[in-house]
Amino acid sequence: MKNRVGLRGIILLVCCLLLFSAMTPSFAQEYPTKPINLLVANTPAGSVNVSLRILAGHVEKRIGQPFVISNNNGGGGSVAFGIAAKQKPDGYNLVAGASTPLVRIPQLRQVPYKYEDFIPILHYGTMESGLFVRADAPWKTLKEFVEYAKKNPGKVTYGVSGTGTPQHLAMEFISKQEGGIQWILVPMPGEDNSIPLLGGHVTAASIGSVYTHHVTAGSLRMLATHGERRMKTFPDVPTFRECGYDFINETVMVVAAPKGTPLPIIQKLDDAFHRAMDDAEFVKYMGTAGNVVSYRNYGDTKKYLDDAYIRLGKMIKELKIPMESEKK
Amino acid sequence: MGFFHNILLGFQVVLDPTNLLFCFIGVLVGTLVGVLPGIGPVGAIALLLPATFKAPPASTLIMLAGIYYGTQYGGSTTSILVNIPGEATSIMTCLDGYQMARQGRAGPALGIAAWGSFIAGTLSIIGLMFVANFLASAALRFGPPEYFALLLTGLVILTYLAQHSMLKALMMAVVGLLLGNVGLDMMTSLPRFTFGIDELVDGVNIIPMAMGLFGISEVLSNIDRKVDSPREVLTTRISNLWPSLRDWKDAKWPILRGTGVGFCLGMLPGAGAILSTFISYAIEKRISRHPERFGKGAIEGVAAPESANNAASGAAMVPLLSLGIPTNMTMALLFAALIIHGIQPGPLLIKNHPEVFWGLIASMYLGNVLLLLLNLPLIGIWVKVLRIPTQILFPLILLFCLIGAYSVNSSGFDLVVMTLFGAVGYLMRRFRYEAAPLILAFVIGPRLEKALRQSLLISQGSFSIFINRPISGIVLGVAFLLLLLNFLPYVKNRRQKLKEAES
């Protein structure tokens, strides 16, 4: 008898499980039931955009609804985040971009949103950067370069893609630690900004890893990188920390949603994107573009960005980077 | 030997049926996108980029490049027919192209634009093939001071664009320079003149601005004139569809000069292509024996800029393919397309991936032929557009402008910009202020400022950097001479008058 009950129990349990497993997808089908808007705060040619579009193709298949992807690179990403902050937090309005417009731009100038207006879903990549000189330059190490700059005040010019970028902060950081180096900042905004360095019009450039292909081609040399770890593609190049400068910059590629988006939706998207990151094409692209595949889930990304927000804020004040004054 | 082997390899690649199809799709999409105002090569390539993830790299590049140079063919169409620049590089084509259309010569205008584009396109590929490496290293010598000198020359040339009053043209240039100041300051990365509008942080977008100044204002002033005569003329007398022998004689040299200017400037970063259209137009006007014909339907005024923009599109590939430097947004997209396929653009491209490089070169020859075959028969159809009654055509133009302006950034703000500049453009027309100097100054202004400030940072505030460096010194000398040449007629006139007064 007992045995029979046990069997019944098992059958019941199995039935329950079956029912549950049948129900789980039906729960999941509640979201998404319609296409999801994804605003990308990056130019169409930018590596955030391209990598995200590769990922999105896989995520779509997993969640059963397409993404409607549009790009807006206005204000280094601040325009897109400004738009996204005002959208309904229902999981159908997402925004993606570099962490820059979240953790840095709001601390430098007035933007129509706050860092706190967003919840991150995940970060799926890291954009690295470093200090570059021409391949025929006499300096083989960061130390030699800094020594030269110290001995020749005003002789060294360095390009950055913009004032207040982490790459600019890196140079100011060295200068402060070394007791003030007179080297000259030359901002070089625009997609053609490798010309001044390649042509020898500036001495060095502290800039994103998109320059690394010139290193591969033999026209530039990388003295040091800004990341926490050495770059996989350039294992011989030391990090700033290894050179004795306690500076790290890792701009991560974030997918985020407006504050108030339900947690289950965040978790679901986090999971779907995370799984898509295994795609070989995605991994290959990230490598060639000079980026690193890196992942933190929604909770850890939040913590990471919080830290970065505080770290950058402190640095911007300490290094006296120009800021827009508070609006009255 | 090696060369023939290479080009043969290229044609082998492009004559593969798949690649042939990709090339055709590319130029077809390019033409369409070029015709539609607003959406340009950047938008179209960005849309199609994800679709090429699975295609082989050579096919991808062939198609995307086809879109790019295809747009330069199509861009002239709306400029000529309805005075709306299809692309930023077709702004100059509006001036004489539209006037030709009003005189019933839309056919020859479109024809010379297509042929000029073909000739310039083909010549620029030859240039790309033979002198790419040499020129690319020359392009690297264009640092901030050299670029500054060149842009300053551009500003001087601006004075040649004035059609009516020089004073008014200069006033418009100042307005253009002021508008160019809107956006982030390059030294501090803080906003200037944005009035708290975040959309203005990157400055005013040129596409909605040009569409407003030319297109919307055209519609408005036509409504103002109501059923005025010009349109009637247009519908009754569409004479010949092809450029006549005389047209060819007039356009022959402008096409070649436009090609030269376009090719040289096209390699430079930033707005090389747009600048080349302005400069080639100004050159033609300056050396013409009848400069007064310009702005009233001179075929040279269509032939030169249309050749220049096509030559520039070929030349823009030079720094990308030989150095791995994208000089504009479209090139950055092609760069991204190569990277997706694991290919690093740059000096090693030709060696490591000859099939991609030579396949692209061969496809451009073929693409230009396809574009000519595609565009010439279309002329007959386009000309018929002009027969559409005003009350249907104008709302349609407005609609296309609205869609086009919106499509650039999917931003409602751009619609406001376009409408605003439409109203301003209408007032400018009423009071005979020209839009061309405004746009040229707007394009040059921010770049000039950037180059000036970068140069002075490098030289630590010394202006001698502009004279000590050979290229910038020579270019500045030319600019100075051009300025003098411009003043000479005034001085002569004055003397003449003084003499007359004395006697």
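Computed from a prediction, not measured in an experiment: that's the story for all the values here. Residue numbers start from 1 in every chain, and the chains themselves are labelled A, B, ... in the order their sequence lines are given, proteins ahead of strands. Values below: every heavy atom of this structure, side chains too, minus hydrogens, waters and symmetry copies.
Using modelled atom types, one finds a donor on one side chain and an acceptor on the other under 3.5 Å when comparing A/N71 with A/R53. A donor atom on one side chain and an acceptor atom on the other are found under 3.5 Å apart for A/H201 and B/R469.
Proximity of a side-chain donor or acceptor of B/N205 to a complementary backbone N or O of B/P208 within less than 3.5 Å is not detected. For B/R447 (side chain) and B/V443 (main-chain N/O), a donor-acceptor pair under 3.5 Å exists by modelled atom type.
A 4.5 Å side-chain heavy-atom check between A/L185 and B/L457 finds every atom pair outside the cut-off. Side chains of A/P101 and A/Y113 form a contact here, defined as non-hydrogen atoms less than 4.5 Å apart. With contacts defined as side-chain heavy-atom distances shorter than 4.5 Å, the pair B/P41/B/E87 qualifies.
For A/D136, the side-chain hydrogen bond (donor to acceptor under 3.5 Å, both in side chains) partners two or more places apart in sequence, or in a different chain, are A/R134.
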(request) Starting from the C-alpha separation in whole Å, work towards a yes-or-no answer on ring-ring contact (aromatic ring centres under 6.0 Å, His included) for A/Y124 and A/F273. (result) CA-CA 8 Å; A/Y124 63 86; A/F273 271 100; 7.2 Å; no
(request) Take A/M231 and A/V292 through the side-chain contact (heavy atoms from CB on, under 4.5 Å) test and state the conclusion after the steps. (result) CA-CA 8 Å; A/M231 278 175 80; A/V292 176; 5.5 Å; no
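Of the listed residues B/G43, B/A46, B/G143, B/A336, the one with more heavy-atom pairs under 4.5 angstrom with chain A than any other is B/G143. The residue among B/Q460, B/M331, B/H341, B/R453 with the most heavy atom pairs within less than 4.5 Å of chain A is B/Q460. Contacts with chain B were tallied for A/V111, A/T157, A/L39, A/V79; A/V79 has the most, counting heavy-atom pairs under 4.5 Å. Residue with the most contacts toward chain A among B/L140, B/V201, B/V42: B/L140 (heavy-atom pairs, distance under 4.5 Å). In terms of heavy-atom pairs under 4.5 Å with chain A, the best-connected choice from B/L333, B/I45, B/L334 is B/L333.
By the 4.0 Å N-to-carboxylate-O rule, B/K54 lies close enough to A/E281 to be salt-bridged with it. Between B/D185 and B/K450, none of the side-chain N atoms (NZ, or NE/NH1/NH2) sits under 4.0 Å from a carboxylate O, so this pair counts as no salt bridge.
The parts of B/E199 that come within reach of chain A are both its backbone and its side chain, each placing non-hydrogen atoms under 4.5 angstrom from that chain. Only the backbone of B/I343 comes within contact range of chain A, with at least one heavy atom under 4.5 Å from a heavy atom of that chain. Within the 4.5 angstrom heavy-atom criterion, atoms from both the backbone and the side chain of A/S78 approach chain B. Using a 4.5 Å cut-off between heavy atoms, B/L184 contacts chain A through its side chain alone, with no backbone atom that close. With a threshold of 4.5 angstrom between heavy atoms, A/I69 does not approach chain B through any atom at all. The part of A/I184 that comes within reach of chain B is its side chain, from C-beta onward, which places non-hydrogen atoms under 4.5 angstrom from that chain. Proximity to chain B is absent for every atom of A/M286, based on heavy atoms less than 4.5 angstrom apart. With a 4.5 Å cut-off on non-hydrogen atoms, A/I54 touches chain B through its backbone and its side chain both. Proximity to chain B is limited to the backbone of A/N73, based on heavy atoms less than 4.5 angstrom apart. With a 4.5 angstrom heavy-atom cutoff, B/L47 does not touch chain A via any of its atoms. No part of A/H168 comes within reach of chain B, as not one of its non-hydrogen atoms sits under 4.5 angstrom from that chain. With a threshold of 4.5 angstrom between heavy atoms, B/L49 approaches chain A through side-chain atoms but not through N, CA, C or O.
Of all heavy-atom pairs spanning A/L169 and A/G164, the tightest one is CG-O, 4.3 Å. Between B/A337 and B/T60, the shortest heavy-atom contact is CB-CG2, 4.1 Å.
Taking 4.5 Å as the heavy-atom cut-off, the residues of residues 144-151 of chain B that approach chain A are B/P144, B/E146, ordered by number.
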